[in-house]
*Asks:* 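This is the structure, below, for whatever I ask next.
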Amino acid sequence: MKLMEKAPAKINLALDVLYKRPDQYHEVEMVMTTVDLADRIEIEEKKQNNITIFSHNRYVPDDDRNLAYQAAALLKERFDIKQGVSIKIEKNIPVAAGLAGGSSDAAATLRGLNRLWNLGLSMDELAELGAEIGSDVSFCVYGGTALATGRGERIKHLPSPPKCWVVLAKPLRGVSTADVYKRLDLQNVKHPNIAAMIQAIETNDYQGVCNNIGNVLENVTLSLHPEVLHIKNQMKKFGADAVLMSGSGPTVFGLVEYDSRMNRVYNGLRGFCEQVHAVRMLGE
Ligand SMILES: C[C@@](CO)(OP(=O)(O)O)[C@H](O)COP(=O)(O)OP(=O)(O)OC[C@H]1O[C@@H](n2ccc(N)nc2=O)[C@H](O)[C@@H]1O
Ligand SMILES: Nc1ncnc2c1ncn2[C@@H]1O[C@H](COP(=O)(O)OP(=O)(O)O)[C@@H](O)[C@H]1O
């Protein structure tokens with residue numbers, strides 16, 4: 001048997017870090033939402049009792065470093081499954097980009113194998129298992145829009161943000177999330193107003209969303225990759241309503257309300273940035 005799962009990318013509309021925890025993770029408050037740029041995960045039963053990963057993207061590991069592999073291995077071990085799977089990843093989400101591509105592949109693998117192996121697990125149970133793989137995997141199990149707290153694994157669902165375009169632009173080089181968190185100096189950050197962002201989403205207030213986007217990791221990545229600032233400035237110049245780096249970066253996203261303006265921002269960015277996408281938020 002063979003099945004498919006979509007693995008959408010996320011953006012962080014707001015990302016705050018409260019403090020560093022004794023376990024070396026950071027306590028965060030993030031408003032996250034999925035967008036319609038997605039990897040496609042094809043999962044197929046196989047005769048041999050092992051897990052194999054295929055991807056055409058040379059930056060995607062094809063062994064146990066792959067988060068989709070780790071998701072399959074976790075379920076196999078936890079539920080004593082004596083069957084193997086082959087997992088094909090059609091990679092459309094830029095890698096190491098702050099868009100949670102690997103986490104979303106892992107989440108899609110959990111959802112897919114729950115079906116393939118008839119495990120009968122609820123979404124909450126899958127999200128709990130996902131947290132063992134990575135901090136962003138729990139959110140990716142559900143997708144939609146949510147407030148993520150703890151190290152990112154505690155999820156409170158939110159309604160859909162106001163309708164708009166999201167233009168994504170990814171500079172050439174990727175960044176290491178661990179490195180960005182390590183360099184964060186919490187004495188010198190401007191905290192976004194998470195409550196105001198949630199209120200703007202709940203009242204469908206587009207201007208409120210634009211006014212309250214913010215990411216405490218942005219300045220860390222900007223200091224490592226000055227091209228992020230250049231892309232932010234270009235997006236603003238071409239007319240995006242609000243511009244921010246997603247997650248640990250380096251992808252920059254711009255929110256744009258009107259179609260005509262979206263075309264201008266998209267075409268303007270394509271002139272000097274290799275990976276540009278104009279997408280919609282997936283909503284709840
Ligand atoms: C920054 C964010 C924002 O959504 O996303 P990305 O930029 O990676 O997409 C997340 O917090 C990333 O989540 P994820 O990429 O799943 O992180 P993990 O694999 O759990 O952790 C990678 C490393 O990041 C650091 N880390 C991660 C999460 C957290 N709350 N505090 C941390 O300090 C730790 O050093 C950890 O070893
Ligand atoms: N399925 C996967 N897709 C992409 N990267 C993966 C995957 N599994 C593991 N990785 C590793 O995880 C790292 C972070 O990738 P990714 O999830 O795309 O970025 P981010 O954490 O910035 O959202 C990559 O450098 C890659 O080596």
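Both ligands and their constituent atoms are indexed starting at 1 by order of listing.
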*Asks:* To which protein heavy atom is atom 24 (C) of ligand 2 closest, and what is the distance rounded to 0.1 Å?
*Replies:*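 Here the nearest protein heavy atom works out to V95 CG1, 3.8 Å.
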*Asks:* May I ask you to identify the nearest protein heavy atom to atom 23 (O) of ligand 2, giving residue, atom name and distance to one decimal place in Å?
*Replies:* A100 N, 2.7 Å
*Asks:* Hey, could you give me the CD1/CD distance between I89 and E42, rounded to the nearest 0.5 Å?
*Replies:*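 CD of E42 is found 11.5 Å from CD1 of I89.
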*Asks:* Quick one: pull up NZ in K88 and CE in M4 and give me the separation to the nearest 0.5 Å.
*Replies:* 9.0 Å
*Asks:* Using a cut-off of 6.0 Å, state whether more than 12 heavy atoms not belonging to E128 lie near its atom CD.
*Replies:*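 Incorrect, the count does not exceed 12.
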*Asks:* For atom 20 (O) of ligand 1, find the nearest protein heavy atom and state the residue, atom name and distance (0.1 Å precision).
*Replies:*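 The closest one turns out to be S135 OG, 2.6 Å.
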*Asks:* Tell me if a side-chain donor or acceptor on N12 pairs with a main-chain N or O of G247 at a distance below 3.5 Å.
*Replies:* yes
*Asks:* Is the shortest distance from a heavy atom of Q70 to ligand 2 less than 4.0 Å?
*Replies:*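 In this structure, Q70 fails to qualify as a contact of ligand 2 - no heavy atom is under 4.0 Å.
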*Asks:* Please say whether more than 12 non-hydrogen atoms of neighbouring residues, nucleotides or ligands are located less than 6.0 Å from CD in Q48.
*Replies:* yes
*Asks:* Show the atoms of ligand 2 that are less than 4.0 angstrom away from any heavy atom in A97.
*Replies:* 19 (O), 22 (O)
*Asks:* Distance to 0.1 Å, residue and atom name: give those for the protein heavy atom nearest to atom 36 (C) of ligand 1.
*Replies:*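 The protein heavy atom lying closest is Y25 CE2, 3.8 Å.
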*Asks:* Using distance alone, with no hydrogens and no angle criterion, decide if K46 and T52 have a side-chain donor and acceptor under 3.5 Å apart.
*Replies:* yes
*Asks:* Backbone, side chain, both or neither: what part of D105 comes under 4.0 angstrom of ligand 2, heavy atoms only?
*Replies:* side chain
*Asks:* Does K156 form a side-chain contact (heavy atoms from CB on, under 4.5 Å) with T149? I'd like the steps, not just the answer.
*Replies:* CA-CA 8 Å; K156 186 169 172 273; T149 56; over 6 Å; no
*Asks:* Any idea which part of S55 is under 4.0 Å from ligand 2, heavy-atom wise: side chain, backbone, both or neither?
*Replies:* neither
*Asks:* Report the relative orientation of the aromatic rings in H157 and Y142; use parallel for angles under 30°, tilted for 30 to 60°, perpendicular for over 60°.
*Replies:*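 Perpendicular, since the angle between the ring planes exceeds 60°.
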*Asks:* First locate atom CE of M123, then atom CG of L121, and finally report the distance between them rounded to the nearest 0.5 Å.
*Replies:*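 Answer for the CE-CG pair, M123 versus L121, is 11.5 Å.
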*Asks:* Any non-hydrogen atom of M32 lying under 4.0 Å from ligand 1?
*Replies:*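 Right, M32 reaches ligand 1.
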*Asks:* Start with the C-alpha gap between V28 and D16, add the side-chain angles, then the distance that decides, and say whether side-chain contact (heavy atoms from CB on, under 4.5 Å) holds.
*Replies:* CA-CA 6 Å; V28 295; D16 197 11; over 6 Å; no
*Asks:* What protein heavy atom sits nearest atom 25 (C) of ligand 1, and how far off is it?
*Replies:* Y181 CD1, 3.4 Å
*Asks:* Quick check on contacts: which atoms of ligand 1 are under 4.0 angstrom from a heavy atom of R151?
*Replies:* 28 (C), 29 (C), 30 (N)
*Asks:* Do any non-hydrogen protein atoms sit less than 4.0 Å from atom 33 (O) of ligand 1?
*Replies:*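 True for atom 33 (O) of ligand 1.
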*Asks:* Which protein heavy atom lies closest to atom 12 (C) of ligand 1, and at what distance to 0.1 Å?
*Replies:*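 Going atom by atom, the protein heavy atom closest to atom 12 (C) of ligand 1 ends up being T177 CG2, 3.7 Å.
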*Asks:* Heavy-atom count around R270 CZ within 6.0 Å, excluding the residue itself: above 12?
*Replies:* no
*Asks:* Decide if atom CZ of F79 counts as having more than 12 heavy atoms of other residues, nucleotides or ligands within a radius under 6.0 Å.
*Replies:*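 Yes, CZ of F79 has more than 12 neighbouring heavy atoms, counting only those of other groups under 6.0 Å.
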*Asks:* With the threshold set at under 4.0 angstrom, would you say E27 reaches ligand 1 through any of its heavy atoms?
*Replies:* no
*Asks:* Should the pair R261-D259 be classified as a salt bridge under the 4.0 Å nitrogen-to-oxygen rule?
*Replies:* no
*Asks:* Considering all protein heavy atoms, does one lie under 4.0 Å from atom 12 (O) of ligand 2?
*Replies:*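 Within 4.0 Å: no protein heavy atom nearby.
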*Asks:* Which ligand 1 atoms does L15 reach within 4.0 Å, using its non-hydrogen atoms?
*Replies:*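 The atoms of ligand 1 under 4.0 Å from a heavy atom of L15 are 3 (C).
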*Asks:* Under the 4.0 Å line, does any protein heavy atom show up next to atom 22 (C) of ligand 1?
*Replies:* no
*Asks:* Of the side chain and backbone of R65, name the one, both, or neither that has a heavy atom under 4.0 Å from an atom of ligand 2.
*Replies:*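 Backbone only; the side chain of R65 stays clear of ligand 2.
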*Asks:* In the protein, which heavy atom is nearest to atom 4 (C) of ligand 2, and how far is it?
*Replies:*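 Atom 4 (C) of ligand 2 sits closest to the protein heavy atom K91 NZ, 3.4 Å.
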*Asks:* Ignoring hydrogens, just give me the one of D23, V180, D136 whose non-hydrogen atom is nearest atom 4 (O) of ligand 1.
*Replies:* D136
*Asks:* Using the ring of Y25 (Phe, Tyr or Trp, six-membered ring only), decide whether R151 places NZ or CZ under 6.0 Å from its centre and within 45 degrees of its axis.
*Replies:* yes
*Asks:* Kindly identify the option in Q24, H26, M245 whose heavy atom sits closest to atom 30 (N) of ligand 1.
*Replies:* H26
*Asks:* One residue to check: N12. Relative to ligand 1, which of side chain, backbone, both or neither has a non-hydrogen atom less than 4.0 Å away?
*Replies:* side chain
*Asks:* Give the residue and atom name of whichever protein heavy atom lies nearest to atom 19 (O) of ligand 1, and the separation in Å to one decimal.
*Replies:*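 For atom 19 (O) of ligand 1, the nearest protein heavy atom comes out as G134 CA, 4.2 Å.
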*Asks:* Whether the N49 and K76 side chains hold a donor-acceptor pair (N or O, under 3.5 Å, no angle test) is what I'd like checked.
*Replies:*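 A donor-acceptor contact under 3.5 Å links the two side chains.
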*Asks:* Could you give the distance from CD1 (I11) to CE (M245), rounded to the nearest 0.5 Å?
*Replies:*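 The CE atom of M245 is 12.5 Å from CD1 of I11, to the nearest 0.5 Å.
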*Asks:* Is it true that the side chains of W117 and Q83 contain a donor and an acceptor less than 3.5 Å apart?
*Replies:* yes
*Asks:* Judged by modelled atom types alone, do N211 and Q207 share a side-chain donor-acceptor pair under 3.5 Å?
*Replies:*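 Result is yes, a qualifying pair exists.
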*Asks:* Going by the atom numbers of ligand 1, which of them fall below 4.0 Å from some non-hydrogen atom of S248?
*Replies:* 1 (C), 6 (P), 7 (O), 8 (O)
*Asks:* Please confirm whether G98 comes within less than 3.5 Å of ligand 2 when only nitrogen or oxygen atoms on both sides are compared.
*Replies:* yes
*Asks:* Which residue holds the protein heavy atom closest to atom 21 (O) of ligand 2, what is that atom called, and what is the gap in Å?
*Replies:* T177 OG1, 3.7 Å
*Asks:* Report yes if some N/O of S248 lies less than 3.5 Å from some N/O of ligand 2; otherwise report no.
*Replies:*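 No - when backbone and side-chain N and O of S248 are compared with those of ligand 2, no distance drops under 3.5 Å.
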*Asks:* Among A96, G102, P61, P250, whose heavy atom sits nearest atom 26 (C) of ligand 2?
*Replies:*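 It is P61 whose heavy atom sits nearest to atom 26 (C) of ligand 2.
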*Asks:* Could you tell me whether L67 approaches ligand 2 through its side chain, its backbone, both or neither, with non-hydrogen atoms closer than 4.0 Å?
*Replies:*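 It is both backbone and side chain that touch ligand 2.
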*Asks:* May I ask you to list the atoms of ligand 1 that are less than 4.0 angstrom from any heavy atom of M30?
*Replies:* 3 (C), 4 (O)
*Asks:* Does ligand 1 have any atom that is closer than 4.0 Å to a heavy atom of A100?
*Replies:* yes
*Asks:* Can you list the atoms of ligand 1 that are under 4.0 Å from a heavy atom of K10?
*Replies:* 3 (C), 4 (O), 5 (O), 6 (P), 9 (O)
*Asks:* What part of L99, side chain, backbone, both or neither, has a heavy atom within less than 4.0 angstrom of ligand 2?
*Replies:*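 L99 to ligand 2: backbone contact only, side chain stays beyond 4.0 Å.
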*Asks:* Taking atom NZ of K10 and atom CE of M32, what is their separation to the nearest 0.5 Å?
*Replies:* 5.0 Å
*Asks:* Using a distance threshold of 4.0 Å (strictly less than), state whether atom 9 (C) of ligand 2 has a protein heavy-atom neighbour.
*Replies:* yes
